[in-house]
Chemist: 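What follows is a single structure, and I will ask about it in a moment.
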Amino acid sequence: MTRSESLFAEAVNYIPGGVNSPVRAFGSVGETPRFIESGKGAYITDVDGRRYLDFVGSWGPMILGHNHPRVLEAVKEACEKGLSFGAATEAEVTMAKLICDMVPSIEMVRMVNSGTEAVMSAVRLARGYTRRNKIVKFAGCYHGHSDAMLVKAGSGVMTAGVPDSAGVPEGCSQDTLTAVYNDIASVEALFNACGKEIAAVILEPVGANMGVVPPREGFLQALRELCTQNGSLLIFDEVITGFRLGPDGAQGYFHIMPDLTTFGKIIGGGMPVGAYGGRREIMELVAPLGPVYQAGTLSGNPVAMAAGIAQLTILKETPDFYGKLTRMSERLFDGIGQILAESKRSCQLNHIGSLGCLFFTDQAVRDYTLAKTADTKAFAEYFRHMLKAGIYLAPSQFEAMFVSAAMTEEDIDMTLAAMRGYFLGFHRGVSTLERCCW
Ligand code: KE4
């Protein structure tokens, strides 16, 4: 028995499913979750001493790789001064100014402790600002686990959402409407039916929780116009894309100005941090200035701020940071495309910047329904092969690959060699690869 196996056997007695977040249980890939001991640069090492090239990166935060020396140093320095005060600190001002400076749509920002908290607060703020209740979200987009977001489409497009989790009362889901990602007509139908009741439309500007599904040309712009015409707010959930697709995230990549934006992951540098921000006239409704209440014991925690400030500063000041990261990512994704074309496997490769996803389906994946045509058993077999080869992928077909700036050409080539070993060993599959990249 490996140490991961014995730890997992013990963990399940004390923690639901043995993990503190469901996807970590490796439930859909038929493997024992690896218990990780340490990380350095592009690699993580498990408790059995096995080293993996890490394409999860803590689900996005570790864009620089693990334990970047400048981030680690900043955290150590902050710890020496004290871990938490529950009082204002200079670091919070520095962080707020950094975010406002890097993201043009942000005039004011509030720190919280997770992406979930950021979304929950932004939705409450949108309702407070517009004095409306309904929220439009998209099937396949995940915005954390607040009740109003754990909703799936009702039987008919117009019907209120139904809870997507036990414990969510209908009262919490009745004001959440669900549309189809990349289908602007599905959003127009909702606005036609109840436009003046819609407080906000929230979406991942690049879907990354149904696998990676970038927006169709014009989709984001059409959403922007619909919200403006109806007096609703457009909320970009950039918990994954924020500071990942560029210094000003997806909104900068696609040149769309949302009214509110939520952040997480990268802004914490690996520490628990979330944030929401937007136009001053909206943010000024947040307590203690205005009537929309939100608070948090560890919001703006000085150690977390130190990690986030160090990471964002590197992203902001490193010459051509995103160009280099994109070129390394393209080396990977172009290589995958070539391997799949040779193997004639029925797979779809969606990628944008340093985000990508290999879908085991012969259908071009542009929304959640199409993503769900993927063969999750085939994905699990691929996952296990790559894990054995020392490549740590997200243990789910419906998550993203995250390329980190710590990865080298040798790392990418090792990954491609492992993929070549897997896909070119296959003799079935007839359709050629379709690559969807933006
Ligand atoms: P957290 O509460 O997990 O910090 O953030 C929630 C959240 C909000 N918005 C988006 C777009 C997100 O992707 C997330 C969380 N992402 C998942 C990975 N797809 C976190 C991993 C997990 O749940 O363990």
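Note that ligands are numbered from 1 as they come in the structure, with each ligand's atoms numbered from 1 the same way.
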Chemist: Is the contact between T116 and ligand 1 made by the side chain, the backbone, both, or neither, using heavy atoms and a 4.0 Å cut-off?
Modeler: both
Chemist: Looking only at distances, please establish whether an N/O atom of ligand 1 is found under 3.5 Å from an N/O atom of D237.
Modeler: yes
Chemist: With sequence neighbours left out, which residue pairs that include part of residues 35-69 fulfil the ring-ring contact (aromatic ring centres under 6.0 Å, His included) condition?
Modeler: Y52-Y392
Chemist: Does ligand 1 have a heavy atom under 4.0 Å from the side chain of K265, from its backbone, from both, or from neither?
Modeler: side chain
Chemist: Just heavy atoms, cut-off under 4.0 Å: does E204 contact ligand 1 by side chain, backbone, both, or neither?
Modeler: side chain
Chemist: Is atom 16 (N) of ligand 1 touching the protein, meaning some protein heavy atom lies under 4.0 Å away?
Modeler: yes
Chemist: Using a 4.0 Å heavy-atom cut-off, say whether E399 meets ligand 1 through its side chain, its backbone, both or neither.
Modeler: side chain
Chemist: Contact between L416 and I336 at the side-chain level, heavy atoms closer than 4.5 Å - yes or no?
Modeler: yes
Chemist: Output yes when the distance from some N or O of ligand 1 to some N or O of V119 is under 3.5 Å, and no in every other case.
Modeler: no
Chemist: Among protein heavy atoms, which lies nearest atom 5 (O) of ligand 1, and at what distance?
Modeler: G115 CA, 3.4 Å
Chemist: Looking only at protein heavy atoms, which one is nearest to atom 23 (O) of ligand 1, and what is the separation?
Modeler: S21 OG, 3.4 Å
Chemist: Should one rank V56, V239, T241, N209 by closest heavy-atom distance to atom 13 (O) of ligand 1, which comes out on top?
Modeler: N209
Chemist: Taking only residues two or more places apart in sequence, or in another chain, which ones meet F219 in a ring-ring contact (aromatic ring centres under 6.0 Å, His included)?
Modeler: F138, Y181
Chemist: May I ask you to list the atoms of ligand 1 that are less than 4.0 angstrom from any heavy atom of H143?
Modeler: 8 (C), 9 (N)
Chemist: Is the count of non-hydrogen atoms from other residues, nucleotides or ligands lying under 6.0 Å from K97 atom NZ greater than 12?
Modeler: no
Chemist: Looking at Y276, F243, F236, which one forms a ring-ring contact (aromatic ring centres under 6.0 Å, His included) with F263?
Modeler: F243
